[in-house]
Amino acid sequence: QVQLVESGGGLVQPGGSLRLSCAASGNIFSISAMGWYRQPPGKERELVATITSGGNTNYGDSVKGRFTISRDNAKNAVYLEMNSLKPEDTAVYYCNAIMVARYGTRWSDYWGQGTQVTVSS
């Protein structure tokens, strides 16, 4: 059994910064891509950023130049540094990872429980 747990969300003023963290735990055999997605109130979940095990990154258009994704493969962790935050960044942020459990046979798409980020003055 494997799981993802996010942390670091909270309330921040426009222009502020937050750092989100996500760690995978359990009987993990391998992790390929990891990423962050967000779901604003009343809207569909959207891509924030992804990163491969080799460090290749992909960002959603709305966060390019403001957010930075990184990972620590030794810790099975992924991070999201969010700068110059705007009210429209308000959403529940979800950690995502494609993983194979130890002794497993399939790659599976795993999701964390989500962490709330609210940008408001």
Side-chain angles (χ1 to χ4, degrees):
Q1 188 71 37
V2 298
Q3 64 182 137
L4 296 170
V5 179
E6 304 103 329
S7 63
L11 175 65
V12 64
Q13 294 189 38
S17 299
L18 281 175
R19 179 179 172 86
L20 304 183
S21 299
C22 174
S25 62
N27 295 319
I28 302 166
F29 175 74
S30 184
I31 304 174
S32 60
M34 302 187 79
W36 292 93
Y37 294 75
R38 67 186 184 186
Q39 187 165 17
K43 298 182 179 180
E44 295 184 357
R45 189 172 299 186
E46 66 180 8
L47 168 72
V48 176
T50 60
I51 183 168
T52 69
S53 60
N56 294 317
T57 59
N58 175 241
Y59 293 91
D61 289 340
S62 64
V63 307
K64 288 179 180 177
R66 299 188 298 121
F67 292 9
T68 302
I69 189 170
S70 61
R71 67 189 286 174
D72 186 335
N73 291 332
K75 296 180 179 179
N76 293 328
V78 63
Y79 309 95
L80 185 69
E81 185 71 38
M82 304 185 292
N83 300 309
S84 301
L85 284 162
K86 305 174 181 179
E88 49 264 46
D89 294 318
T90 296
V92 178
Y93 284 70
Y94 295 92
C95 179
N96 170 259
I98 300 173
M99 301 189 287
V100 178
R102 187 178 294 272
Y103 307 117
T105 59
R106 287 185 170 90
W107 291 95
S108 297
D109 202 5
Y110 291 83
W111 294 90
Q113 82 286 355
T115 185
Q116 177 71 46
V117 172
T118 302
V119 185
S120 177
S121 60

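Here the structure is a predicted model, which is why all the values come from computation and not from measurement.
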Query raised in the report: How would you list all residue pairs meeting side-chain hydrogen bond (donor to acceptor under 3.5 Å, both in side chains) that involve residues 98-111, not counting sequence neighbours?
Result: Asn96-Asp109

Report task. Locate the shortest heavy-atom distance separating Tyr59 from Ala49; write the atom from each residue and the value. Result -> CD2-CB, 3.5 Å

Query raised in the report: Looking only at heavy atoms, what is the nearest atom pair of Ser17 and Glu81, with distance?
Result: CB-OE2, 4.5 Å

Query raised in the report: Step by step, would you call Phe67 with Leu18 a side chain to side chain contact (heavy atoms under 4.5 Å, CB included)?
Result: CA-CA 10 Å; Phe67 292 9; Leu18 281 175; over 6 Å; no

Report summary line: In terms of heavy-atom contacts, Ser70 and Ile51 come closest through CA-CD1, 4.0 Å

Query raised in the report: Would you say the side chain of Ile31 lies within less than 4.5 Å of the side chain of Arg71, judging by non-hydrogen atoms?
Result: yes

Requested in this report: Apply side chain to side chain contact (heavy atoms under 4.5 Å, CB included) to Leu47 and Asn58, showing your working.
Outcome: CA-CA 9 Å; Leu47 168 72; Asn58 175 241; 3.2 Å; yes

Requested in this report: Check whether any side-chain heavy atom of Thr50 sits under 4.5 Å from a side-chain heavy atom of Thr57, and report yes or no.
Outcome: no

Query raised in the report: What's the verdict on side chain to side chain contact (heavy atoms under 4.5 Å, CB included) for Asp72 and Tyr79, showing C-alpha distance, side-chain angles and the deciding distance?
Result: CA-CA 8 Å; Asp72 186 335; Tyr79 309 95; 4.1 Å; yes

Report task. Would you name the heavy atoms of Ala24 and Met99 that are closest together and state the gap between them? Result -> CB-SD, 3.8 Å

Query - Pairwise side-chain hydrogen bond (donor to acceptor under 3.5 Å, both in side chains) hits with a residue in residues 30-39, at least two apart - result: Arg38-Glu46, Arg38-Ser62, Arg38-Asp89, Arg38-Tyr93

Query raised in the report: Are the side chains of Thr115 and Val92 in touch, meaning some heavy atoms are under 4.5 Å apart?
Result: no

Query raised in the report: Does a sphere of radius 6.0 Å around CD in Glu88 hold more than 12 heavy atoms from other residues, nucleotides or ligands, not counting ones at 6.0 Å or beyond?
Result: yes

Requested in this report: Report yes if some heavy atom in the side chain of Ile28 is under 4.5 Å from a heavy atom in the side chain of Asn76; otherwise report no.
Outcome: yes

Query raised in the report: Should Cys95 and Glu6 count as side-chain neighbours, where that means a heavy-atom distance under 4.5 Å?
Result: yes

Report task. Taking all heavy atoms of Met34 and all of Leu4, pick out the closest pair and write down the distance. Result -> CE-CD2, 4.4 Å

Report task. Using a 4.5 Å cut-off on heavy atoms from C-beta on, say whether the side chain of Val119 contacts that of Gln13. Result -> no

**Report entry** Least distance between heavy atoms, Pro40 atom then Glu44 atom
**Finding:** CD-O, 3.9 Å

Query - Pro87 and Ser120, any side-chain heavy atoms less than 4.5 Å apart - result: no

Query raised in the report: Val12, Val63: one ILVMFWY side-chain cluster at the under-4.5 Å cut-off?
Result: yes

Query raised in the report: Mind checking whether Val117 and Thr90 have side chains closer than 4.5 Å, heavy atoms only?
Result: no

